[in-house]
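So the structure is just underneath, and the comments pick up after that.
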Amino acid sequence: IASQTSGKTSPAAVLLGDSVKVDGVTYPTDSLTNISPRVLSKVGQNLHREHGNPLYLIRKRIENYFYKNFVNRRGNPIFSIYDNISPVVTLEQNFDSLLVPEAHVSRAPSESYYINSDYMLRAHTSAHQRDLIRSGLNAFLVIGDVYRRDAIDATHYPVFHQVEGVRLFSQNELFTKVRDSTNLSIFETEGKRMPDKQEDHSMEAAKLLEHSLKNTLMGLALHLFGRDTEARWVDAYFPFTHPSWELEIKHQGEWLEVLGCGVVEQKILQSAGIQDQVGWAFGLGLERLAMKLYSIPDIRLFWSKDSGFLSQFDVSDPDTPIRYKPISVYPQCINDISFWLPASTDTAFCVNDFYELVRNIGGDLVEQVYLIDEFFHPKKQRASHCYRIVYRHLERTLTQEEVNVIHAKIEEEAKRLFRVEVR
Ligand code: FA5
Ligand code: MG
């Protein structure tokens, strides 16, 4: 796993003539290859690790929920978190390890992005379940980008982000709160598969797992959206869990599916070398949760590099309440201004005075102003500042000429009022 973490170099993935290169590894293409350069360009962007992206903020809130509410006797968090596992997985990991039948629709080339007949871009973070369990973990979250040949609409996009959660319990752990559990077992021999349990599980184990799973996830939903959130459980089917459910929340008057979950198929645990534990798992869609939390109307916005979008989420405390304000559809015009501050200390330069000046001259055409660079020149004994001014009209496209006139005026006034020397 460690050797498969995505690198920082960009582009992380390219489609060459007869091969695909991802994170420095070359994969030969074949008849199953169907990834497009557009989708490959998303590999390595790691929005879930980018400060200032709403997906980063919401994942921090999810992490905090798990860190705070699930601790061992010594007070240490029991969940460990993996957010940097490469999205390139084998077909075996994505499907077979999860008991997805050979003929299941999700295997069709029309559903997933194949690198070749052996490798693909993961279609869900569940692709890592078996391997992480096998490595000895009992409680973990996997956060990452996933890829599907899905419809594109306001709530669907071919690349999105999931958080996978898995928790395993020994018999003692699962029965800790049961008053008299001496005659209880988590397993049942010669049991039957029923709508609410697997053949290997006792009814007590199945019910306690369901309770723990639903409590954990409903607790998360209320932690994210507040006590008044409308949410409901819907029965579901996944090849890798039984029983299975989906959680839906009310979003703009409609039920929106935000996660799938269930009791892990015992066969998967066995294949990972586990004999004496049972467990639950879930997979949630980060974009869906963030759309609800921040009132983001369209899933494509998460990929925006527009600073009018990103700056709204540039906070250090993930609990800061944020309500997305729609940005203008007209393009930004970006001009920088650099100047030497006056040498003498009696005319101290005040940053906020400069911001004020920019606002006075630029008015509503100025969307943002911020310091992008500052340094001190030891020989000159003077400081230099560089500010970026982002201009945008709310009702029409600004021309560069118009912006230049305003920008020049700002330069003139800065010279006059603050005695700066424009560079
Ligand atoms: C899965 O991916 C399962 N691996 C979830 C799971 C994990 C079940 C562990 C049981 C145990 P599903 O395909 O329903 O399930 O996707 C899970 C969530 O991802 C959805 O609830 C939704 O929030 C989100 N999602 C699915 N497709 C898209 C899409 N095209 N765009 C954005 N979000 C999506
Ligand atoms: Mg689903």
Side-chain angles (χ1 to χ4, degrees), residues 39 42 47-48 54-55 58-59 62 87 89 93-95 97-100 104-107 110-113 120-130 132-133 139-168 198 209-210 212-214 216-217 220-221 224-225 231-249 251 254-269 278-293 296 298-303:
V39 158
K42 308 288 190 201
L47 299 185
H48 60 291
L55 298 178
I58 196 161
R59 74 160 269 202
I62 294 169
V89 298
Q93 288 176 299
N94 196 81
F95 299 120
S97 81
L98 293 159
L99 314 175
V100 176
H104 197 268
V105 283
S106 65
R107 291 191 189 241
S110 60
E111 298 297 305
S112 295
Y113 288 105
M120 64 187 292
L121 294 175
R122 65 186 163 214
H124 52 181
T125 43
S126 304
H128 304 292
Q129 265 189 29
R130 191 262 329 262
L132 290 173
I133 294 170
F140 59 85
L141 303 179
V142 179
I143 309 171
D145 38 332
V146 302
Y147 298 78
R148 286 188 200 175
R149 301 187 69 189
D150 218 332
I152 302 189
D153 64 22
T155 59
H156 290 81
Y157 199 76
V159 190
F160 60 101
H161 296 77
Q162 284 188 333
V163 176
E164 189 85 6
V166 172
R167 182 161 186 200
L168 306 186
Q198 296 173 29
L209 285 168
E210 174 177 351
S212 160
L213 174 59
K214 286 183 170 175
T216 301
L217 293 172
L220 175 64
L224 291 175
F225 304 118
R232 70 178 186 194
W233 290 107
V234 179
D235 287 336
Y237 166 80
F238 298 102
F240 32 96
T241 49
H242 182 80
S244 308
W245 302 274
E246 284 172 344
L247 181 65
E248 298 185 341
I249 55 173
H251 177 57
E254 310 225 0
W255 290 108
L256 178 67
E257 178 206 316
V258 293
L259 65 85
C261 65
V263 175
V264 179
E265 282 287 352
Q266 204 59 34
K267 228 174 141 186
I268 297 174
L269 297 186
V278 292
W280 51 244
F282 67 84
L284 60 80
L286 271 185
E287 277 83 352
R288 299 260 180 103
L289 293 176
M291 288 175 81
K292 162 85 180 161
L293 187 60
I296 296 171
D298 194 301
I299 198 165
R300 287 170 303 181
L301 280 164
F302 292 98
W303 298 91

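Indexing begins at 1, ligand by ligand and atom by atom, following the structure's order. What you see is a predicted model; the values in this text were computed from it and never measured.
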Per-atom contacts, ligand 1 versus G285 - under 4.0 Å to a heavy atom:
18 (C), 19 (O), 23 (O), 24 (C)

Report yes or no: does R288 have a heavy atom closer than 4.0 Å to ligand 1?
yes

Output the list of atoms in ligand 1 that are nearer than 4.0 Å to some heavy atom of L259, sorted by atom number.
21 (O)

Per-atom contacts of ligand 1 with A281, taking only distances under 4.0 Å to non-hydrogen atoms:
9 (C), 11 (C)

Between the side chains of R122 and H128, is a donor N or O closer than 3.5 angstrom to an acceptor N or O?
yes

First locate atom CZ of F140, then atom CG of L168, and finally report the distance between them rounded to the nearest 0.5 Å.
7.0 Å

Note: ligand 1 atoms sitting under 4.0 Å from heavy atoms of T241 are 10 (C), 11 (C)

Return the option from F302, Y147, F240, F160 holding the heavy atom at the smallest distance from atom 3 (C) of ligand 1.
F240

For the residue pair S126 and E164, confirm or rule out a side-chain donor-acceptor distance under 3.5 Å.
yes

Does any N or O of ligand 1 fall below 3.5 Å from an N or O anywhere on L284, backbone included?
no

Starting at NE2 of H242, measure out to NZ of K267 and round the result to the nearest 0.5 Å.
14.5 Å

Determine, using heavy atoms of V264 and all atoms of ligand 1, whether some pair is separated by less than 4.0 Å.
no

Numbered atoms and elements of ligand 1 in range of Q129, under 4.0 angstrom, heavy atoms:
9 (C)

Applying a 4.0 Å heavy-atom criterion (strictly less than), which segment of T155 is in contact with ligand 1: side chain, backbone, both, or neither?
backbone

Which part of F282 is near ligand 1, with near meaning a heavy atom under 4.0 Å away: side chain, backbone, both or neither?
backbone

CG of L213 to CH2 of W245: how many Å apart, nearest 0.5 Å?
6.0 Å

Nearest 0.5 Å, what's the CZ-CD distance between R288 and Q162?
10.0 Å

Which is the closest N/O/S atom of E257 when seen from the Mg ion (ligand 2)?
OE2

Going by the 4.0 angstrom heavy-atom rule, the piece of Q162 near ligand 1 is side chain

Check the pair I143, L286 against side-chain contact (heavy atoms from CB on, under 4.5 Å), reporting the backbone distance first and the verdict last.
CA-CA 9 Å; I143 309 171; L286 271 185; 4.2 Å; yes

Give a yes or no on whether R300 atom CZ has more than 12 heavy-atom contacts from other residues, nucleotides or ligands under 6.0 Å away.
no

Geometric N/O contact R148 with ligand 1, under 3.5 angstrom:
yes

Is the ring pair H161/H48 parallel, tilted or perpendicular, if the boundaries are 30 and 60 degrees?
tilted

Residue-level breakdown please: for H156 versus ligand 1, do any non-hydrogen atoms fall below 4.0 Å on the side chain, on the backbone, on both, or on neither?
both

What is the distance from atom CG of L284 to atom CG of L220, rounded to the nearest 0.5 Å?
6.5 Å

Please confirm whether E257 comes within less than 3.5 Å of ligand 1 when only nitrogen or oxygen atoms on both sides are compared.
yes

Are F240 and H124 close enough that their ring centres sit under 6.0 Å apart?
yes

Under a 4.0 Å heavy-atom limit, does S126 contact ligand 1 with its side chain, its backbone, both, or neither?
side chain

Could you tell me whether Y157 approaches ligand 1 through its side chain, its backbone, both or neither, with non-hydrogen atoms closer than 4.0 Å?
backbone

Side chain, backbone, both or neither: which part of V258 has a heavy atom under 4.0 Å from ligand 1?
backbone

Evaluation steps, side-chain contact (heavy atoms from CB on, under 4.5 Å), between F225 and L289:
CA-CA 9 Å; F225 304 118; L289 293 176; 3.7 Å; yes

Using 0.5 Å steps for rounding, measure from the CZ atom of R148 to the CG atom of L121.
13.0 Å

Between ligand 1 and C261, can you find any atom pair, the residue atom being a heavy atom, that is separated by under 4.0 Å?
yes

Contact check: E164 vs ligand 1, nitrogen or oxygen atoms, below 3.5 angstrom:
no

